[in-house]
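Read through the structure below, which is laid out as structure tokens, and then see the notes.
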2 protein chains.
Amino acid sequence: MRLLLVEDERELADALSAALSKHGIVTDHTIHLADAFELTRQNSYDAILLDRRLPDGEGLTFIPLLRRAGADTPIIVLTARNEPLERVEGLDVGADDYLGKPFLVEELMARLRAVLRRPPSLTELQITVGRMLIDPLHLSVTVGSIPFDLPRRELLVLVALAKRKDKTVLRTTLEAAVYNYEEEIQSNALDAHISRLRKRLLDAGAGVAIHNIRGVGYLLKEE
Amino acid sequence: MRLLLVEDERELADALSAALSKHGIVTDHTIHLADAFELTRQNSYDAILLDRRLPDGEGLTFIPLLRRAGADTPIIVLTARNEPLERVEGLDVGADDYLGKPFLVEELMARLRAVLRRPPSLTELQITVGRMLIDPLHLSVTVGSIPFDLPRRELLVLVALAKRKDKTVLRTTLEAAVYNYEEEIQSNALDAHISRLRKRLLDAGAGVAIHNIRGVGYLLKEE
DNA sequence: GTCTCCGTAATGCTGCCGCAACCTTAGCGG
DNA sequence: CCGCTAAGGTTGCGGCAGCATTACGGAGAC
């Protein structure tokens with residue numbers, strides 16, 4: 001196993017490298033972001049450990065750079081900047097985990113193992129259908145780069161359909177996506193949402209259509 | 001997006017459910033581990049939020065149970081037991097993340113998104129015959145990557161045949177696949193469906209043919 | 001208060017599907 | 001090779017299940 005460690009505190013870096021090597025992990029170490037990017041191009045790492053405050057900038061900027069280059073290498077951010085909102089920031093630019101300093105090497109190892117258990121591939125963060133752009137994780141929708149707000153239930157229907165665009169989505173699947181097991185439905189509430197959603201999509205010129213497959217379910221398609 | 005929340009503090013659970021629902025997340029809630037396991041068998045969750053101290057035992061014991069049952073649903077442990085070594089324990093039995101109480105909902109959301117970016121490698125069961133791609137679970141069919149929707153009964157016939165492609169399917173088997181025990185048939189309705197299905201397959205250029213085995217049943221083959 | 005969301009129910013419509021009548025084909029005996 | 005029989009194939013038709021739409025009222029947010 002081979003890691004890239006991007007960290008400017010020499011002492012910590014050395015100690016960490018030594019500790020990891022006892023677990024059979026080979027570590028490449030660099031201080032600068034620029035070097036880090038170069039190293040990822042030349043080598044293939046199983047994971048990357050990333051500090052935030054670095055001599056040549058904010059470590060987090062490295063993540064979108066790497067992702068855009070097509071790399072899905074797991075990234076764990078290691079930093080003293082450990083406020084909850086800072087953690088949110090780090091995770092939302094694409095980090096897989098976020099660990100505040102100081103930490104136990106044992107915890108880092110455990111988080112590494114957890115991250116490496118997951119398959120390497122990344123889901124599409126955005127789905128495009130017609131003139132719509134859908135982010136299923138943030139549940140945001142834009143039509144032609146204009147934000148497109150819709151009621152919660154309609155939004156859930158749309159996202160569920162978009163995740164399987166051009167494929168049928170069973171009626172039961174849609175119901176499961178929109179209601180929990182306590183919320184009983186005794187009417188055609190789902191149909192009503194579909195109807196209202198259709199109208200909104202039409203008005204917004206979203207360039208998509210929701211088709212019904214009688215007795216089976218629905219299907220989202222470009223027009 | 002649908003979550004299972006296993007948590008015994010009613011107040012926290014309600015507050016969390018409400019907060020998550022504002023983020024468009026549908027939550028099923030239970031207090032007991034036994035119920036939790038049952039719910040995972042009946043529903044398909046995008047992720048599970050798990051407390052440790054529960055009335056019927058240590059929450060962590062749920063994880064190996066679930067994993068052994070073949071589910072790779074992401075699990076985030078939410079607990080007041082937040083010592084580093086307790087975190088290691090949680091992660092190493094198979095949790096994907098570990099968040100100490102109290103926490104910001106925003107952080108939970110960010111960690112959820114991080115975990116969901118790496119989708120469980122679901123072995124999507126698909127059957128290919130001729131130019132057709134058939135997904136028997138979602139009941140969806142495509143011909144040359146173009147969605148091919150057909151009436152429910154014909155769809156059921158096709159899927160039943162595809163599941164045993166190149167092998168004969170008994171007439172009675174087909175009837176069982178298409179009709180439930182309440183729906184009696186007193187005519188050649190099945191033959192009619194086969195006929196209409198054949199026409200549609202031909203028109204769509206599906207590259208398959210339904211053969212009849214006289215007195216026995218039918219058989220789906222590539223042309 | 002005002003506004004939006006959402007479940008309910010009434011209404012109208014669409015097209016699936018069971019039926020049955022009729023046609024085609026396979027299998028077999030002479 | 002012919003013709004009979006039974007199984008399978010095709011097609012039009014009518015009934016009705018399932019879907020679409022919309023108005024209404026309650027509930028909750030601000």
Side-chain angles (χ1 to χ4, degrees), chain A residues 139 141 147-161 168-175 177-204 209-220, chain B residues 14-15 17-19 21-26 139 141 148-161 168-203 209-220:
Chain A
L139 290 178
V141 181
F148 181 46
D149 292 334
L150 30 143
R152 191 173 57 96
R153 301 244 123 125
E154 292 172 38
L155 178 61
L156 294 178
V157 170
L158 178 60
V159 170
L161 289 171
T168 61
V169 182
L170 297 184
R171 203 188 173 78
T172 53
T173 307
L174 283 180
E175 281 168 5
V178 177
Y179 300 96
N180 71 30
Y181 68 103
E182 292 168 323
E183 297 167 319
E184 289 295 311
I185 289 186
Q186 303 154 1
S187 74
N188 61 346
L190 182 62
D191 304 57
H193 287 304
I194 297 259
S195 175
R196 290 188 275 248
L197 177 56
R198 275 183 178 137
K199 184 163 180 356
R200 269 188 237 268
L201 291 173
L202 197 66
D203 291 349
I210 299 176
H211 295 275
N212 169 266
I213 288 115
R214 192 167 259 253
V216 181
Y218 291 87
L219 181 153
L220 182 72
Chain B
D14 287 348
S17 293
S21 124
K22 280 188 189 145
H23 285 86
I25 292 178
V26 178
L139 291 178
V141 182
F148 180 49
D149 42 75
L150 36 149
R152 189 170 54 101
R153 299 248 123 124
E154 292 172 37
L155 180 60
L156 294 175
V157 170
L158 178 60
V159 169
L161 288 170
T168 62
V169 182
L170 297 184
R171 199 188 177 80
T172 53
T173 308
L174 281 181
E175 282 169 3
V178 176
Y179 300 96
N180 69 32
Y181 62 99
E182 293 169 324
E183 298 167 320
E184 290 294 313
I185 287 187
Q186 302 155 4
S187 74
N188 63 344
L190 182 62
D191 304 57
H193 287 306
I194 297 260
S195 170
R196 289 190 272 249
L197 178 56
R198 274 180 178 142
K199 183 164 180 356
R200 269 189 236 267
L201 292 173
L202 197 65
D203 290 350
I210 300 177
H211 296 276
N212 170 265
I213 316 294
R214 209 177 174 78
V216 182
Y218 293 87
L219 181 153
L220 182 71

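Throughout, a chain's letter reflects where its sequence line sits, starting with A, and its residues are numbered from 1.
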Original post:
What string of B, S and - do you get for nucleotides 20-30 of chain D, 5' to 3', when a contact is any protein heavy atom under 4.0 Å?
Top reply: SBBB-------
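Taken from OH in Tyr218(B) to OG1 in Thr173(B), the straight-line distance is 13.0 Å, to the nearest 0.5 Å.
Put simply, CG on Leu190(B) is 16 Å from P on dA20(C), counting in whole angstrom units. Atom CD in Glu154(B) sits about 14 Å away from atom P in dG9(D), given to the nearest Å. For the pair Leu197(A) CG and dC5(C) C1', the interatomic distance rounds to 14 Å; values are reported in whole Å. Here the P atom of nucleotide dG15(C) and the CZ atom of Arg153(B) are 19 Å apart, to the nearest Å. The separation between Glu183(A) atom CD and dT8(C) atom C1' is 16 Å, rounded to whole Å. The distance from atom NE2 of His193(A) to atom C1' of dT4(C) is 13 Å, rounded to the nearest whole Å. Here the C1' atom of nucleotide dG18(C) and the CZ atom of Arg152(B) are 13 Å apart, to the nearest Å. For the pair Glu175(A) CD and dC19(D) P, the interatomic distance rounds to 10 Å; values are reported in whole Å.
Using a 4.0 Å heavy-atom criterion, one finds that Ala189(A) contacts the bases of the nucleic acid, with or without backbone contacts as well. As judged by a 4.0 angstrom heavy-atom cut-off over every strand, Arg214(A) is placed among the base-contacting residues.
A side-chain donor-acceptor contact under 3.5 Å links Glu183(A) to the backbone of Asn180(A).
Remark: Glu182(A) engages no residue in a salt bridge (Lys or Arg N to Asp or Glu O under 4.0 Å) (not counting sequence neighbours).
Counting only residues at least two apart or on different chains, the salt bridge (Lys or Arg N to Asp or Glu O under 4.0 Å) pairs with a member in residues 185-198 of chain A are Arg171(A)-Asp191(A).
Within the 4.5 Å cutoff, the side chain of Asp149(A) has no heavy atoms near those of the Leu155(A) side chain. Two residues are said to be in side-chain contact when any heavy atoms from C-beta on lie closer than 4.5 Å; Leu201(B) and Phe148(B) meet this criterion.
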